[in-house]
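Just so you know, ligand 1 is whichever comes first in the structure, and atom 1 is the first atom listed for that ligand.
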Amino acid sequence: MKVFHGIMASPGIAAGKAYVFKQIKISIPEYNIASQDIEAEMSRFLEAVEKATFEVENIKLNIKGNMKNGQQELLDSHILMMNDPELKEKINSGLKNQKKNVEWILIQVIEDMIAQLKLSQDEYLNERSLDFRDMSNRILNQLLYFKQPSLSELDEPVIIVSHNLMPSDAIGMRKDMVKGIATDAGGKTSHTAILARSLEIPAVLGLMDISRYVKDGDDIIIDGNSGTVIVDPDKKTESGYRTTKKKWEKHEKDLLQLNRLAAETRDGKLINLEANIEIPEEVDSVIMHGADGVGLFRSEFLYIQPNKFPNEEEQYIAYKSVLQRLKGKTVTIRTLDLGGDKRVPGLNTIEENNPILGWRAIRFCLSRPDIFKTQLRALLRASIYGNLKVMFPMISGIEEVEHSFEIYEEAKAELKAKGIEYNENIPVGIMIEIPSAAVTTDILAKKVDFFSIGTNDLIQYTVAVDRGNERIAYLYEPFHPGVLRLIQLTIVNGHKQGIPVGMCGEMASDPLATVILIGMGLDEFSMSAISIPGIKRIIRSINVLDAEEVVGNIMEMRSYSEISEYVKKWMRNYFDFETY
Ligand code: PEP
Ligand code: MG
């Protein structure tokens, strides 16, 4: 038995067999063939195409019923491309002219076809080059008897162990087959952690070297509540965890009783308690956990689906479905926040020395008005189906707000010219997640309808700690006096201008932070749906005056350790239940 300690990334307890997930780079052999071998090489190609087609048909069968928008069409298009007579013809003449092995010829043919697509300068056709690569990789894997692991093809329940899991791996995985996640890298606010929480999969990240230690099929326990992973547990530990799991599940079920009660403090202040979502499928969980609405829909996840680049119509359908299913509750959709660890092949995979400080979010959108406007039109069109709010991410100053509004107005004008209906009065707000924005909230508040504080990035940029770096995770501190001052300033400046201030970073779901945020006057909290009942219970037990007194005291303190010790002690005395 070996015990690993990491970062609690998503609560819950799971036990099962490990599946060690690694993407493997294949190298393509190149060798000469004789004229009489051409026919045999061509047969190898045709056989590989047949097997690859069978493989795709199988994927379709496996995920049937769980199919996301466009997935069916994508898989069908791969089958068509693989079996295209023109491709066969090109391979045949390549073999005859070059007399090289078929793997090598396939690569040349595909790269040639991609180069042709690129010449067209048509964005849609350019995007198809990814599909060509994907499709040819399937054939290559068959030719070389190589099986590239994919989390979309899991066919038994497993605990995933990996060095790092990219959001694109996680979004494509078969959620019904993943019982838990353990990775070497990543922090509590990395996007893999966020996704695990939203899918309600227990996860422990930042385990440093677990992926080197664990083998496929090892017995493994994930305790997302304490950040512990146990490999090859002994009988006693295993049965102890079974009991803890039952207790935890009961605790969660009890909390759900709070569903129908409002998030109201003891002295009657109503707080808006909303959910963060990454994909439209999460709406059921939002409703089940009693959220007042969606405070953050991370729309970029629509783009992170494997090989997906949603057009205006597909986005419109996704937004409309969320708005309709939430029946008049507010839905805050954040415009694309791509960049950092959220990369989409063919869109933003340029090499940058500092991607976290780089071409992200609103910066990306303002430099690609075509993509930005497509999303804005889809949002505007969907706005008539519910209570939509639009939010711009990673705003660093007033110019970006003004520039975003210009493009927003252009999108409106385009729809108006075509006589397409939309809501003229959608509240438009910004995320406060860069220190320069937080300290200029007095200026920004005059331009927007609301603020939402993104503490995941605000902490990262204030303390200069990469939120995904497990080595310096100890410095990533929401209670750093510098962070608390920026939050307080944002709330004060928002209120002075009469606009509501919310928080959609993970700090909003930290039970230790609730009393501080209530004391500072935060109006809205948005978090993973699973965290809502626990935070609601705390809000319902707090008196605003007491919370204000706590804030008065902690704002005099010098360090995060002093502040967290004080808050923990205060909570132990104040509540008659365990909150953390
Ligand atoms: C944040 O930065 O707090 C936030 C909510 O945005 P994201 O986690 O998607 O960067
Ligand atoms: Mg952010």
Between [Y] and [X], is the closest basic N to carboxylate O distance under 4.0 Å?
| X | Y | answer |
| --- | --- | --- |
| K389 | E274 | no |
| K175 | E281 | no |
| K188 | E506 | no |
| E313 | K320 | no |
| K329 | D292 | no |

Identity of the N, O or S atom of E433 lying closest to the Mg ion (ligand 2)
OE1
What N/O/S atom of D457 is the closest to the Mg ion (ligand 2)?
OD2
Looking at [X], which atoms of ligand 1 are within less than 4.0 Å of one of its heavy atoms?
| X | value |
| --- | --- |
| I194 | 8 (O) |
| R298 | 4 (C), 5 (C), 6 (O), 7 (P), 8 (O), 9 (O) |
| C504 | 5 (C) |
| D457 | 1 (C), 2 (O), 3 (O), 10 (O) |
| L296 | 5 (C) |
| M431 | 4 (C), 5 (C), 6 (O) |

Which class fits the ring pair F405 and F392: parallel under 30°, tilted 30 to 60°, perpendicular over 60°?
perpendicular
Backbone of G12 reached by a side-chain donor or acceptor of N225 within 3.5 Å:
yes
Min heavy-atom dist T189 to ligand 1 below 4.0 Å
no
Taking a cutoff of less than 4.0 Å between a non-hydrogen atom of the residue and any ligand atom, is N276 in contact with ligand 1?
no
Criterion side-chain contact (heavy atoms from CB on, under 4.5 Å) against W570, the qualifying member of L512, D546, N553:
D546
Side chain, backbone, both or neither: [X] near ligand 1, heavy atoms under 4.0 Å:
| X | value |
| --- | --- |
| R467 | side chain |
| L458 | neither |
| R334 | side chain |
| E506 | neither |

Do any N/O atoms on T455 end up under 3.5 angstrom from N/O atoms on ligand 1?
yes
Mind checking whether V161 and Y19 have side chains closer than 4.5 Å, heavy atoms only?
no
So with a 6.0 Å cut-off around NZ of K447, is the heavy-atom count from everything else above 12?
no
Is the Mg ion (ligand 2) less than 2.8 Å from an N/O/S atom of D337, whether that atom is in the backbone or a side chain?
no
